[in-house]
Amino acid sequence: MATSSLAVKPTPTGPQVFICFRGAGVRKHFISFLDPALRKANINVFIDEDEYLGSDLVNLLKRIEESEIALVIFSEDFTSSYWCLEELAKIKECKDQGRLKVIPIFYKVKPSVVKYLKGKFGDHFRDQIRNLRHQPERTQKWEDALLSIPESIGMPLAAQRTDKDFITSMVIKIQRLVEHMAVKGNQETEANLPGGSIVPAMKPKREANSQGGSMVLAMKPETEASHQGGFVVSARQLGIAFSDKSRCWSWSSITGRNGLSYILLSLLFTREKSGLRPANKQVSPYIFSSEAIDIVTMKKVYWLKIVGTFKTGDLTPGTKYEVVFVVKLKDNAIGWEKPVTLKLKVIHHNGDNDRVERIENLNDYIGRKWVDILAGVFVVPPKNTPAIITFTMYETEYKKKGLFVKGVTIRPTN
């Protein structure tokens with residue numbers, strides 16, 4: 001079976017890094033490059049686009065509380081946003097409680113401008129103060145945050161540096177911080193928790209444990225390629241929230257008759273011509289293999305979030321591909337009354353991106369065989385301008401159990 005070492009990078013579920021920023025220009029010219037660079041380095045990133053459509057903005061404050069690191073991208077227009085100031089106040093609150101490490105990034109604005117509210121940065125803030133003069137407690141929190149956060153050790157973008165060099169430097173420093181937090185967190189947990197409690201994995205492990213809890217696998221991620229041009233991203237290469245907690249998820253291997261495993265290869269045939277159309281188009285065909293395949297089983301969670309990434313370099317340019325999650329639900333699965341949301345995002349070589357979002361009611365598949373749940377369809381760009389795709393499944397309100405996850409298949413639609 002062919003493999004590709006370049007096609008996929010695992011999406012980690014270690015310390016979440018929340019990015020606070022303002023403006024379409026910063027998003028297009030900076031965040032659109034910083035976000036994939038951090039993900040490529042196995043850093044667990046959250047930006048506003050990761051929140052599902054229709055949710056309240058206050059949910060972003062919850063994401064800050066769930067994070068362990070916050071990047072605050074100060075730009076000239078930052079204080080023109082009421083919501084950025086609300087996020088900044090929440091970041092300061094979590095920082096003061098010792099729950100959050102904060103890194104201020106001064107993007108094309110001098111640290112002194114931020115600290116002393118100079119220029120347009122200060123003018124925008126003073127406009128906010130005037131507009132909310134009847135809410136002095138709120139604006140005081142903003143002012144306190146603007147005084148406090150810039151005092152943390154941060155990174156200014158010097159005029160002589162390119163954005164690319166700056167982002168590379170940022171990624172390295174954030175990696176070091178994550179690793180430092182992992183070592184410190186593991187030492188504290190081992191010292192303070194009785195009875196050999198499981199320590200959440202904060203950085204990639206070099207060996208995968210087929211029965212273990214950590215979902216951050218893969219110092220050497222590989223994607224299985226079918227002989228007909230599609231790829232299977234295994235469950236081990238997906239980022240699954242809270243999969244490092246054994247009370248939430250468990251690992252096992254699929255084994256079939258005579259010790260053989262049923263390996264999903266998503267046979268890429270023309271169903272109409274071959275006559276091999278399955279009775280249900282959602283049910284994936286299988287073939288035998290002597291190699292075991294790991295699956296992950298949901299025990300009980302509220303927060304379902306499964307994320308993966310894939311590089312298009314090994315796909316056929318100009319061809320339409322579909323991305324499907326391969327899952328199964330137990331007969332006694334519960335908590336699936338609300339549909340899951342599925343997102344597919346294509347990050348183009350120039351930093352632009354395309355997104356599609358849909359919902360699917362998994363309650364319809366309880367007690368059935370393995371099914372393919374469509375995330376979306378995309379067209380592969382030219383070889384010289386490859387893209388990165390990210391695919392996500394999530395639902396965060398109901399207590400759920402009984403979901404098996406095998407992986408994600410990326411295959412031509414024809």
Side-chain angles (χ1 to χ4, degrees), residues 1 8 210-211 215 223-240 243 249-271 274-299 301 304-308 310 321-336 339-342 344 358-377 391-395 400-413:
M1 181 178 295
V8 114
S210 63
Q211 303 296 327
M215 199 44 233
T223 311
E224 294 182 349
S226 85
H227 62 288
Q228 299 194 28
F231 287 85
V232 176
V233 182
S234 71
R236 284 284 183 187
Q237 295 170 276
L238 297 173
I240 302 178
S243 61
W249 296 86
S250 65
W251 287 92
S252 60
S253 296
I254 296 179
T255 57
R257 293 168 292 179
N258 302 318
L260 298 179
S261 300
Y262 283 106
I263 303 294
L264 170 65
L265 287 180
S266 297
L267 297 177
L268 306 171
F269 49 76
T270 304
R271 294 184 175 108
S274 65
L276 295 176
R277 184 200 305 266
N280 184 325
K281 68 178 181 178
Q282 295 280 18
V283 178
S284 299
Y286 299 85
I287 66 171
F288 283 112
S289 168
S290 59
E291 183 180 352
I293 181 172
D294 289 338
I295 63 172
V296 64
T297 305
M298 177 191 291
K299 291 183 176 180
V301 302
L304 169 67
K305 186 172 184 180
I306 306 173
V307 187
F310 190 93
Y321 281 76
E322 62 183 5
V323 179
V324 297
F325 285 83
V326 185
V327 303
K328 183 169 71 171
L329 288 104
K330 292 182 178 181
D331 293 339
N332 63 347
I334 62 171
W336 300 100
V340 299
T341 300
L342 299 121
L344 177 66
R358 59 183 301 272
I359 61 172
E360 182 83 28
N361 193 340
L362 297 191
N363 208 41
D364 296 338
Y365 302 107
I366 292 177
R368 292 171 58 178
K369 297 179 180 179
W370 290 98
V371 296
D372 292 345
I373 305 299
L374 179 68
V377 177
F391 31 89
T392 309
M393 175 190 290
Y394 57 88
E395 199 289 308
K400 298 170 283 293
K401 72 174 186 178
L403 177 71
F404 296 94
V405 180
K406 183 178 290 187
V408 171
T409 301
I410 302 165
R411 62 194 178 200
T413 59

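Any value given below was found using the heavy atoms of this structure, including those in side chains, with hydrogens, waters and symmetry copies removed.
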Checklist line | Closest contact, heavy atoms only, Asp331 versus Gly367 | finding: OD1-CA, 2.9 Å
Next item on the list: Working to the nearest 0.5 Å, report the span between CZ of Phe391 and CD1 of Ile373.
Entry: 15.0 Å
Notebook entry, point to check: Quick check: does any side chain N or O of Lys400 sit under 3.5 Å from a backbone N or O of Glu395, one acting as donor and the other as acceptor?
Noted result: yes
Note to self: Within the 4.5 Å heavy-atom criterion, are Ile306 and Leu304 side-chain neighbours or not?
What the structure shows: yes
Next item on the list: Specify the closest pair of heavy atoms between Lys401 and Asn332, including all atoms of both residues, with the distance to one decimal.
Entry: CE-O, 3.8 Å
Next item on the list: For residues Phe325 and Val340, determine if any side-chain heavy atom of one lies less than 4.5 Å from a side-chain heavy atom of the other.
Entry: no
Next item on the list: State the OH-OG1 distance between Tyr321 and Thr413, to the nearest 0.5 angstrom.
Entry: 9.5 Å
Item checked: Value rounded to 0.5 Å, distance of CG in Asn361 from CD1 in Ile366 -> 8.5 Å
Check: So do the side chains of Glu360 and Leu374 get within less than 4.5 Å of each other, counting heavy atoms only?
Finding: no
Next item on the list: Could you grab the distance from atom CG of Leu329 to atom OH of Tyr365, nearest 0.5 Å is fine?
Entry: 10.0 Å
Checklist line | For Ala375 against Leu344, the heavy-atom pair lying closest together | finding: O-CB, 4.0 Å
Checklist line | Test item: Val324 and Arg411 side chains (from C-beta on) under 4.5 Å apart, heavy atoms | finding: yes
Next item on the list: Would you please test Met298 and Ile240 for side chain to side chain contact (heavy atoms under 4.5 Å, CB included) and show each step?
Entry: CA-CA 10 Å; Met298 177 191 291; Ile240 302 178; over 6 Å; no
Next item on the list: Measure the shortest side-chain to side-chain distance between Val408 and Val323 over non-hydrogen atoms and say whether it is less than 4.5 angstrom.
Entry: yes
Notebook entry, point to check: Rounded to the nearest 0.5 Å, how far does OG of Ser253 lie from CD1 of Ile295?
Noted result: 8.0 Å
Check: Out of curiosity, Lys369 NZ to Lys328 NZ, how far, rounded to the nearest 0.5 Å?
Finding: 10.0 Å
Notebook entry, point to check: How close do Leu362 and Trp336 get, heavy atom to heavy atom, and via which atoms?
Noted result: CD1-CZ3, 3.9 Å
Check: Any side-chain heavy-atom pair from Met393 and Leu238 closer than 4.5 angstrom?
Finding: no
Check: Is a donor on one side and an acceptor on the other found under 3.5 Å between the side chain of Trp370 and the backbone of Val405?
Finding: no
